[in-house]
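Quick notes on the structure that follows.
Atoms within a ligand are numbered from 1 in the order they appear, just like the ligands themselves.
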Amino acid sequence: MSAPATVLPSLAADVRDGLTRSGLKELAPKYFYDARGSELFDQITSQPEYYPTPCERAILNRHAPHIVAGAHELVELGSGLASKTRALLYAMAGTGGLRRYVPFDCDPWVVERCAEELTELYPGLEVNGVVGDFQTDLDAIPRGERRVVALLGGTIGNLYPGERADFLHAVRRLLADGDRFVLGTDLVKDVAVLEAAYNDAAGVTAEFNLNVLHVLNRELGADFDVDAFAHVAFFDRDSSWVEMRLRARGEQRVSIPGAGIEVELADGEEIRTEISSKFTLQALHRELAEAGMGIEHFYTDPDGLFGLSVAVPQ
Ligand code: SAH
Ligand code: TRP
């Protein structure tokens, strides 16, 4: 495995940039995922309101043999704990094609855990974990053949449209003829359903959102009073995304020595911590085509809540 760092090296510069803006302050969602963040995300996926995971799992369980037919390796970007991925590996093992799994994540803890568990499950499998940022480090992925590259969980929706286009072009460059890109995306639907998924009654998403402040306190020596912030999530119809924010309860003055800044927040001021874009099949066709890929198959769950595209280079 490549050298694990606790957090991505871009943290201090991104925090400085995002929190010193004159408009809406912002923190990038990739910094949610330290070991605790990854564990909280895992808990989100079993909340009753969070439909994306069971929907995507159902699609993968049902169509895995077709999705991975003929592939020898699976490269999974933002693998997390890879709980749904097992259907794909199982299908590959079933045809005798499974050679290598490359879990790629910015959180070293999940990459290590994945590598351990999967090596145990499939003794002949080569697990080649990579710790990195899929927005900048895709060239750290070892070369391979007959590959499926996957990004599940709707994670692509956490990138802004411009970042998404850059990312899709970079993925396209990874693909040789015969390779495939498997992309899980959440779909546009009823606002109440969308908003409930990011406001679970048990408050796990709120805790996950607040965790980014713990990361800043630990990694940059910041002194955020985490209890003085509230979780906010709402659907923005114009942008077609759910937006997650942290709202200051009372005026805050925060020092962030690791980023060399002091930040003042007014009472009620918000920091945007994440967007989660919701797609239509038409938008997916367009964005993938712009990056040189065509959708070969598009699967949804029976209720049409979540979509899984299988795209090929064009
Ligand atoms: N694939 C899993 C986890 C999704 S959560 C699922 O579908 O349930 C998103 C995952 O992507 C997290 O594990 C997070 O650590 C990782 N991630 C987010 N931004 C990243 C980035 N820029 N580079 C690498 N990994 C990233
Ligand atoms: N990729 C997931 C999504 O957009 C990540 C996620 C789920 C998330 N719930 C969250 C990120 C809450 C931040 C806060 O659905």
Sub-4.0 Å atoms of ligand 2 with respect to non-hydrogen atoms of Thr155: 1 (N)

Within-cut-off N or O pair, Gly78 and ligand 1, under 3.5 Å: yes

Residue pair Tyr160, Trp241: steps toward the ring pair (Phe, Tyr, Trp, His ring centres under 6.0 Å) verdict: CA-CA 10 Å; Tyr160 284 103; Trp241 65 47; 5.5 Å; yes

Contacting atoms of ligand 1, where contact means under 4.0 angstrom from a heavy atom of Gly80: 13 (O)

Identity and distance of the protein heavy atom lying nearest atom 22 (N) of ligand 1: Asp133 OD1, 2.8 Å

Stepwise side-chain contact (heavy atoms from CB on, under 4.5 Å) check, Leu187 with Thr280: CA-CA 6 Å; Leu187 303 176; Thr280 60; over 6 Å; no

Residues Glu73 and Tyr101: side-chain donor-acceptor under 3.5 angstrom: no

Short N or O distance, Ser38 and ligand 1, threshold 3.5 Å exclusive: no

Any N or O of Phe134 closer than 3.5 Å to N or O of ligand 1: yes

Arg180 side-chain N/O to Ile67 backbone N/O, donor-acceptor pair under 3.5 Å: yes

Top protein contact for atom 2 (C) of ligand 1, by heavy-atom distance: Ser79 O, 3.5 Å

For Gly132, atoms of ligand 1 separated by under 4.0 Å from a heavy atom: 23 (N), 24 (C)

Numbering as shown, the atoms of ligand 2 that approach Phe41 to under 4.0 Å (heavy-atom distance): 5 (C), 6 (C), 7 (C)

For ligand 1, the portion of Phe41 having any non-hydrogen atom under 4.0 Å away: side chain

Asp301/Arg62 salt bridge by N-O under 4.0 Å criterion: no

Side-chain donor-acceptor pair present, Asp14, Tyr31, cut-off under 3.5 Å: yes

Taking atom 25 (N) of ligand 1 as the reference point, the nearest protein heavy atom with its distance: Cys106 N, 3.2 Å

Arg16 (side chain) donor-acceptor with Ala259 (main chain) under 3.5 angstrom: yes

Closest to atom 15 (O) of ligand 1 (judged by heavy-atom distance), picking from Thr53, Asp105, Asp107: Asp105

Side chains of Tyr198 and Ser276, donor plus acceptor under 3.5 Å: yes

Ligand-residue contact atoms, ligand 1 with Thr155, heavy atoms, under 4.0 Å: 4 (C), 9 (C)

Ion pair check, Arg253 and Glu251, cut-off under 4.0 Å: no

Taking atom 19 (N) of ligand 1 as the reference point, the nearest protein heavy atom with its distance: Lys30 CB, 3.5 Å

Atoms of ligand 2 close to Tyr198 [distance to a heavy atom under 4.0 angstrom, numbered from 1]: 3 (C), 4 (O), 7 (C), 9 (N), 10 (C), 15 (O)

Close approach of Gly153 to ligand 2, heavy atoms, under 4.0 angstrom: yes

Residue portion contacting ligand 2 (non-hydrogen atoms closer than 4.0 Å) for Asn158: side chain

Side-chain donor-acceptor contact under 3.5 Å, Tyr51 with Asp186: yes

Ligand-residue contact atoms, ligand 1 with Gly153, heavy atoms, under 4.0 Å: 7 (O)

Carboxylate-amine/guanidinium contact Glu126 Arg99, below 4.0 Å: no

Atoms of ligand 1, numbered as shown, that sit under 4.0 Å from any heavy atom of Lys84: 6 (C), 7 (O), 8 (O)

Atom 7 (C) of ligand 2 - nearest protein heavy atom and its distance: Tyr50 OH, 3.3 Å

For Ser276, the ligand 2 atoms whose distance to one of its heavy atoms is below 4.0 Å: 3 (C), 4 (O), 15 (O)

For atom 11 (C) of ligand 2, closest protein heavy-atom neighbour: Glu274 OE2, 2.2 Å

N or O contact, Phe104 vs ligand 1, cut-off under 3.5 Å: no

Within-shell test, Thr205 vs ligand 2, heavy atom, strictly < 4.0 Å: yes

Parallel, tilted or perpendicular, as decided by the 30° and 60° cut-offs, for the rings of Phe32 and Phe208: parallel

Ring geometry between Phe104 and Phe134 (parallel below 30°, tilted from 30 to 60°, perpendicular above 60°): tilted

Distance-only donor-acceptor check, side chains Ser255 and Asp223, under 3.5 Å: no

